[in-house]
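Working notes, beginning with the structure itself.
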Amino acid sequence: GVAIICEGLLGYFQADAVSEVLANVLELLKARGGFFLTDIATREGVRKTLFEGDSRVLLDRFYEVAKVDPESLAFGNRRECVQYINSHGLTATPTALINPEHMYIPKSLRDERRVKIAKIVSTPMCIDVRVTA
């Protein structure tokens, strides 16, 4: 099998480009088996991001440099995205990147920052995509 990891790319795509990527992924996974792990930004997700301060400024700047309006993203929310993927011969499972207990967080961070970081990494931001059995 193959593992296809796509981090930070589909968050800039509109629906037609996402469809093209998923068609290619489906073809490869049907032939070889394996999985596709990706993050797909949604309009709601960008509006409700947990990033703040410099992190939020950086996120906004990425969209500005890429000339992408976050309101033109392919999906309104995660549920819509999962339903779309599931309707194309794949099975999508939202997943977090890491369990916060397994992540190193510097001791110098204030407690409220530790809580915020733990919440960000434990939120199902990614989607594990596999061929529907």
Side-chain angles (χ1 to χ4, degrees):
V2 296
I4 305 166
I5 312 296
C6 181
E7 189 277 328
L9 179 62
L10 295 183
Y12 299 104
F13 285 10
Q14 294 178 344
D16 57 341
V18 171
S19 292
E20 186 176 341
V21 169
L22 290 177
N24 291 333
V25 165
L26 177 59
E27 184 178 324
L28 182 60
L29 292 181
K30 279 187 172 181
R32 303 278 184 150
F35 68 95
F36 173 48
L37 182 68
T38 188
D39 59 334
I40 301 177
T42 64
R43 294 184 297 275
E44 179 181 77
V46 172
R47 281 193 300 271
K48 293 182 173 181
T49 184
L50 295 173
F51 295 157
E52 59 187 22
D54 290 343
S55 296
R56 179 60 196 234
V57 170
L58 183 60
L59 177 65
D60 292 342
R61 183 74 177 126
F62 279 139
Y63 280 106
E64 182 182 325
V65 169
K67 294 182 172 71
V68 173
D69 175 6
E71 288 303 314
S72 72
L73 295 175
F75 304 104
N77 56 47
R78 179 178 34 229
R79 185 183 72 254
E80 187 180 303
C81 177
V82 168
Q83 287 173 341
Y84 178 86
I85 292 170
N86 288 344
S87 72
H88 284 76
L90 297 162
T91 300
T93 306
T95 185
L97 293 175
I98 192 169
N99 182 331
E101 290 83 36
H102 299 145
M103 182 179 146
Y104 171 75
I105 300 175
K107 292 183 191 301
S108 61
L109 284 181
R110 299 182 319 267
D111 286 342
E112 63 270 10
R113 299 296 293 162
R114 290 173 172 281
V115 169
K116 175 76 79 169
I117 289 171
K119 187 173 182 181
I120 288 171
V121 299
S122 63
T123 299
M125 290 189 282
C126 288
I127 299 175
D128 178 337
V129 180
R130 298 175 190 253
V131 173
T132 302

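Values below: all heavy atoms of this structure, side chains included; hydrogens, waters and symmetry mates excluded.
Atoms CZ and CG, from R43 and D69 in turn, are 10.0 Å apart once rounded to the nearest 0.5 Å. The CG atom of L90 sits 4.5 Å away from atom CG of L26, with the distance rounded to the nearest 0.5 Å.
Counting heavy atoms from C-beta on, the side chains of L28 and I4 come closer than 4.5 Å. Proximity of F75 to I40: side-chain heavy atoms (C-beta onward) are separated by under 4.5 Å at one or more points. F36 has its side chain within reach of L22: a pair of non-hydrogen atoms, C-beta onward, lies under 4.5 Å apart. The closest side-chain heavy-atom distance from R78 to V82 is below 4.5 Å. By the 4.5 Å heavy-atom criterion applied to side chains, V46 and T42 are not counted as neighbours. Between L73 and V68, some side-chain heavy-atom pair lies under the 4.5 Å cut-off.
Between the side chain of E80 and the backbone N or O of G76, at least one donor-acceptor pair lies under 3.5 Å. Here the side chain of T91 pairs no donor or acceptor atom with the backbone of V131 at under 3.5 angstrom.
Counting non-hydrogen atoms of neighbouring residues, nucleotides and ligands closer than 6.0 angstrom, the CD atom of E20 reaches no more than 12 such neighbours. Summarising the local packing, CZ of R56 is surrounded by more than 12 heavy atoms from other residues, nucleotides or ligands at distances under 6.0 Å.
Ion pairing between R47 and E44 fails under the 4.0 Å rule for side-chain N and carboxylate O.
At a threshold of 4.5 Å between side-chain heavy atoms, the hydrophobic network of Ile, Leu, Val, Met, Phe, Trp and Tyr places L59 and V57 in two separate groups.
In this structure, A92 and N86 approach most closely via the heavy-atom pair N-OD1, 2.7 Å. Nearest heavy atoms, A74 versus V18: CB-CG2, 3.9 Å.
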Begin from the C-alpha positions of D54 and L58 and carry the test side chain to side chain contact (heavy atoms under 4.5 Å, CB included) through to its verdict. CA-CA 6 Å; D54 290 343; L58 183 60; over 6 Å; no
